[in-house]
A.B. asks: 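One structure is given below, represented as structure tokens, and several questions about it will come after.
Order of appearance sets the numbers: ligands from 1, and atoms from 1 within every ligand.
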Amino acid sequence: MSDERRHPLFRVDLAAVAANTRLLRARAARCAFMAVVKADAFGHGALPVASTVLRHGADRLGTATVAEALDLRRAGLDVPILSWLNAPHSDFTPAVANRIDLAVPGVEHLRSVAAAALAAGRPARIHLHADVGMARDGAAPDAWPELCGRAAALEAAGTVRVVGLMGHLGCADHPGDPHNVRGRAALAAATLTARRAGLRPRHRHLAATAALLNDPGSHADLVRPGAGLYGIDPTGRAGLRFAATLSAPVVSVRDVPAGTPVGYGHTFTTERATRLALLPLGYADGLPRTASARARVLIRGRRRPVAGTLSMDQLVVDVGDAPVTAGEVATVFGPGDRGEPTPADWARWAGTLPHEILTALGAARRVHRHHLPHPAPAPARATTPAETRA
Ligand SMILES: *Cc1c(COP(=O)(O)O)cnc(C)c1O
């Protein structure tokens with residue numbers, strides 16, 4: 001009996017990750033390519049995804065936290081890895097000792113990273129992070145000159161090496177938005193200030209998936225795609241493919257007459273005699289409860305509506321007169337080839353992004369995760385360990 005008949009299954013098609021990587025790589029052929037594998041590769045498994053992307057065009061990795069970066073380094077991945085989101089008083093010593101690049105958004109971070117470099121006995125590789133218009137992470141323009149000056153002094157002392165200069169765009173999924181032009185100009189201005197301070201960062205970078213696809217002028221020296229690797233397509237026409245398929249077995253079925261209320265609050269009542277199928281998946285597994293009234297799942301080749309409000313652990317599907325039986329498998333989402341909903345459909349039904357659907361389901365502890373292998377690699381750019389199942 002295959003796994004999918006026994007429990008909810010989040011299947012990751014690494015061939016799709018590989019194809020997405022190659023497609024994105026081709027759209028930014030002259031740049032360094034940092035594959036973003038934060039949040040356990042958006043729920044897809046950081047290590048198998050990292051091993052795949054490094055064989056199909058990525059030459060480095062990006063994570064939010066140092067812990068995520070160290071997991072990859074300790075698994076044997078020997079490429080540059082950048083971590084960009086850490087508290088200023090973190091102990092960065094293990095990161096520096098393991099050659100993890102660190103984004104530095106302010107002088108407090110810089111102080112901690114310099115202390116770690118002294119403790120580790122080697123210079124820290126840093127990317128100065130400028131806020132180019134999102135008011136989120138990165139140094140504000142008025143703090144930037146001082147940050148560059150201090151970093152230059154530490155570089156002269158051999159404590160740090162400023163290898164990069166980064167920003168992030170807030171509206172790159174809207175190609176015509178004037179903030180994109182301003183963000184590019186802000187990075188150019190930040191670069192000029194850094195150069196005046198004596199810094200010569202090798203990598204300037206701004207573009208995540210949307211900017212990579214929409215705005216070649218934003219590519220600078222390095223691109224930083226995450227979402228696109230997993231098939232999330234902010235342009236809707238890039239030809240990316242979702243890598244994840246979520247399925248669940250039908251636990252039980254029941255035939256009910258017209259007028260039967262279903263689920264908590266009786267938000268749904270059957271209009272005709274019908275068959276109801278129960279799936280062991282709910283909002284504790286990351287399915288958005290707010291999608292209940294619109295959600296569909298694929299059973300026996302057709303999209304069928306969720307009946308009533310999905311609960312913490314389970315949801316009911318109205319399968320009509322289809323002779324569905326317990327033990328059959330429903331596809332909750334997938335790439336869409338067989339008519340199943342996609343993560344983008346679930347996101348629309350819930351009023352959110354496919355990112356949130358995928359990270360939630362991929363992290364769900366009760367959902368088993370399985371990786372399908374990626375195809376024969378292009379000539380390897382990096383040493384990677386054998387593919388691992390997470
Ligand atoms: C998440 C993230 C990325 C990747 O963004 P996508 O839109 O998923 O491609 C790149 N850079 C930073 C700083 C991020 O936080």
Side-chain angles (χ1 to χ4, degrees), residues 17 20-21 23-25 27-28 31-44 46 49-50 53 57-69 80-86 100-106 109 126-139 164-175 177 179-180 183-184 186-187 190 203-216 218-236 238 240 242-244 343-344 347 352-360 362-363:
V17 174
N20 293 336
T21 307
L23 187 151
L24 294 167
R25 164 84 278 179
R27 299 283 292 265
C31 300
F33 190 110
M34 179 185 292
V36 175
V37 294
K38 64 187 180 186
D40 202 21
F42 289 46
H44 293 65
V49 165
V53 296
D59 48 59
R60 63 199 64 220
L61 301 169
T63 66
T65 68
V66 161
E68 292 174 313
I81 307 175
L82 171 65
S83 158
W84 55 71
L85 193 67
N86 299 286
I100 304 299
D101 291 10
L102 295 162
V104 170
H109 283 79
I126 65 173
H127 296 236
L128 295 180
H129 189 173
D131 174 16
V132 298
M134 239 183 132
R136 194 181 69 166
D137 199 2
L165 202 162
M166 67 185 281
H168 193 62
L169 296 169
C171 302
D173 47 350
H174 297 106
D177 194 305
H179 289 101
N180 297 319
R184 281 162 55 179
L187 189 76
H203 294 297
R204 290 170 314 114
H205 45 114
L206 190 59
T209 300
L212 188 164
L213 292 170
N214 284 328
D215 183 8
S218 72
H219 291 181
D221 308 306
L222 183 155
V223 291
R224 270 189 342 249
L229 304 171
Y230 313 102
I232 299 169
D233 181 356
T235 72
L240 298 166
F242 281 111
T352 184
L353 298 173
H355 310 55
E356 188 177 336
I357 303 295
L358 290 168
T359 52

A.B. asks: I need the nearest protein heavy-atom contact for atom 6 (P) of ligand 1: residue, atom name and distance, please.
C.D. replies: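 Answer, as residue, atom name and distance: Ala227 N, 3.6 Å.
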A.B. asks: Starting from atom 7 (O) of ligand 1, locate the nearest protein heavy atom and write down its residue, its atom name and how far away it is, to 0.1 Å.
C.D. replies: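 For atom 7 (O) of ligand 1, the nearest protein heavy atom is Ala208 CB, 3.7 Å.
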A.B. asks: Which protein heavy atom lies closest to atom 9 (O) of ligand 1, and at what distance to 0.1 Å?
C.D. replies: Thr209 OG1, 2.6 Å
A.B. asks: For the residue pair Arg27 / His219, report whether a side-chain donor-acceptor contact shorter than 3.5 Å exists.
C.D. replies: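 Side chains of His219 and Arg27: no pair found under 3.5 Å.
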A.B. asks: Does His109 have its ring centroid less than 6.0 Å away from the ring centroid of His129?
C.D. replies: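 Ring-ring flag for His109/His129: false, centres at least 6.0 Å apart.
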A.B. asks: Checking a contact table here: which protein heavy atom is nearest atom 4 (C) of ligand 1, and how many Å away?
C.D. replies: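 Going atom by atom, the protein heavy atom closest to atom 4 (C) of ligand 1 ends up being Arg224 O, 3.5 Å.
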A.B. asks: Which atom pair, heavy atoms only, marks the closest approach of Ala238 to Asp233?
C.D. replies: N-OD2, 2.8 Å
A.B. asks: In terms of atom number and element, which parts of ligand 1 are under 4.0 angstrom from non-hydrogen atoms of Lys38?
C.D. replies: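 Checking each atom against Lys38, I get 1 (C), 2 (C), 3 (C), 14 (C), 15 (O).
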A.B. asks: Distance under 4.0 Å to a non-hydrogen atom of Pro225: what atoms of ligand 1 satisfy this?
C.D. replies: 9 (O)
A.B. asks: Between Asp101 and Arg60, is there a salt bridge with N-O shorter than 4.0 Å?
C.D. replies: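 Salt bridge: no.
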A.B. asks: Tell me the closest heavy-atom pair linking Ala190 and Ala130, and the distance in Å.
C.D. replies: CB-CB, 4.1 Å
A.B. asks: When you compare the side chain of Phe242 with that of Asn20, does any pair of heavy atoms fall below 4.5 Å?
C.D. replies: no
A.B. asks: Using a 4.0 Å cutoff against the non-hydrogen atoms of Phe42, which atoms of ligand 1 qualify?
C.D. replies: 8 (O)
A.B. asks: So, 4.0 Å and heavy atoms of Ala210: is ligand 1 close enough to count as a contact?
C.D. replies: no
